[in-house]
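Data block below; observations after.
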Amino acid sequence: MAQRTVRTVLLVLFDDVQSLDVTGPLEVFTGAEQYAPGSYRVRTASLDGSPVRTDSGLTLVPDEALTHARVPHTLVVPGGRGTRRDSPELTDWLRTHAPRAERLVSVCTGAIPLAAAGLLDGRRVTTHWAYCDTLARDHPAVRVDRDPVYVRDGSVYTSAGVTCGIDLALALVEEDLGRDAALIIARHLVVFLRRPGNQAQFSVQLAAQTAQREPLREVQQWITENPDADLSVEALAARALLSPRHFARAFRADTGTTPGRYVDRVRLEHARRLLEDTADGIEEISRASGYGTPEAMRRAFVRALGAAPAEYRRRFRPLITR
């Protein structure tokens with residue numbers, strides 16, 4: 001039998017780190033090691049090897065000091081409040097040592113110290129939605145994508161907020177050990193395998209602003225509850241007792257998006273949820289989600305998620321054990 005490649009994974013610790021940014025990926029990689037012994041060697045390290053206090057008050061004791069750590073296969077930089085403070089020592093260490101890792105990974109605002117070290121220049125990256133604008137402003141050479149759960153650009157992997165680090169870690173395990181390994185770990189952790197990287201960080205209702213005007217808020221709720229209804233601008237405007245032109249202008253002013261784009265996102269989210277949570281057929285889901293035909297839904301899925309509905313269901317519906 002061929003000897004298995006051992007991949008070292010080093011998680012960087014610092015004061016005010018987000019604990020789940022550390023423990024989420026750690027649980028995935030250690031779970032993969034239990035599934036396939038000899039696959040991963042997972043270590044944690046702070047600058048001087050001292051314990052750190054997370055931003056929720058939990059104390060973490062690292063395995064070693066960064067100054068003594070060997071170059072890992074996969075270097076993981078988590079997020080947390082500590083990333084929003086200047087740390088010249090950490091920045092210098094990352095600038096010197098991180099490029100030598102085969103894979104460079106950030107979770108949440110862990111992208112900030114990587115950007116400060118100049119390691120994200122020219123790359124497409126993501127981070128927690130609340131800090132995308134800050135990252136883009138402070139580091140104009142970095143191409144910030146505000147929407148995805150995670151992004152890969154060459155050997156650099158960046159993920160959005162908190163639980164997205166689990167999605168990315170599962171994706172890395174699938175890349176290393178195959179889909180079956182990642183499925184088993186996801187099932188053990190009771191999470192989906194896995195949200196696609198280009199899935200939005202949050203739902204349509206969270207992503208869009210809530211309209212200030214009561215008639216428009218009622219229309220938003222109506223869209224969510226009736227994705228299979230006639231949701232043309234004319235029909236929605238009639239519900240709001242406005243002319244179509246006035247409605248479209250007011251809706252965009254209040255929510256930050258057009259009625260058509262909002263409807264598209266609601267229908268996609270509804271269809272995704274049915275694919276993940278039910279055994280309904282593709283044709284039934286396409287009608288219930290307002291697409292009318294499976295082909296129309298397929299085009300919408302491929303355009304937005306890069307996968308047809310059947311493939312989306314195969315990959316991302318959670319396993320159910322009886």
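All of these numbers come straight from a predicted model, not from anything done at the bench.
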- Query: Going through the distances and angles, do R313 and I285 end up as a side chain to side chain contact (heavy atoms under 4.5 Å, CB included)?
  - Reply: CA-CA 12 Å; R313 166 173 272 171; I285 291 174; 3.5 Å; yes
- Ion pair check, R43 and E64, cut-off under 4.0 Å: yes
- Message: Does this structure show an ion pair linking R299 with E295, if we count only N-O contacts that are shorter than 4.0 Å?
- Response: yes
- Query: Angle class for the Y131/H128 ring planes (parallel below 30°, perpendicular above 60°, tilted otherwise)?
  - Reply: perpendicular
- Item | Test salt bridge (Lys or Arg N to Asp or Glu O under 4.0 Å) applied to R103 and D176, step by step | CA-CA 12 Å; R103 284 195 305 222; D176 296 340; 2.7 Å; yes
- May I have the step-by-step check of side chain to side chain contact (heavy atoms under 4.5 Å, CB included) for V173 and F29, ending in yes or no? CA-CA 7 Å; V173 168; F29 288 118; 4.1 Å; yes
- Query: Passes salt bridge (Lys or Arg N to Asp or Glu O under 4.0 Å), E175 versus R152? Steps please.
  - Reply: CA-CA 12 Å; E175 182 179 299; R152 176 185 180 181; 3.5 Å; yes
- Audit row: Q221, E218, side chain to side chain contact (heavy atoms under 4.5 Å, CB included) steps and yes/no: CA-CA 5 Å; Q221 186 65 26; E218 292 178 357; 5.7 Å; no
- Task: Go through the steps to decide whether L60 and L58 satisfy the test side chain to side chain contact (heavy atoms under 4.5 Å, CB included), and finish with yes or no.
- Result: CA-CA 7 Å; L60 301 178; L58 180 69; 3.9 Å; yes
- Message: Testing the 3.5 Å rule here: is there a donor-acceptor pair between the side chains of D145 and T126?
- Response: no
- salt bridge (Lys or Arg N to Asp or Glu O under 4.0 Å) assessment of E269 paired with R265: CA-CA 6 Å; E269 187 170 285; R265 291 174 180 172; over 6 Å; no
- Item | Residue pairs fulfilling side chain to side chain donor-acceptor pair (under 3.5 Å) with at least one residue in residues 13-30, sequence neighbours excluded | D16-R85
- So, Y150 versus Y157, ring centres under 6.0 angstrom or not? no
- Do R267 and D228 sit within salt-bridge range, that is, some charged N less than 4.0 Å from a carboxylate O? no
- Of all heavy-atom pairs between A310 and I282, which one has the smallest distance, and what is that distance? N-CD1, 4.2 Å
- May I ask you to decide whether D92 forms a salt bridge with R95, counting only side-chain N to carboxylate O separations under 4.0 Å? yes
- NZ or CZ of R146 within 45° of W129 ring axis and under 6.0 Å: no
- Message: Can you see whether T255 engages T257 through a side-chain donor-acceptor pair at a distance of less than 3.5 angstrom?
- Response: no
- Smallest separation among heavy atoms of Y291 and A296, with atom names: O-CB, 3.5 Å
- Query: How close do A65 and A45 get, heavy atom to heavy atom, and via which atoms?
  - Reply: C-CB, 4.1 Å
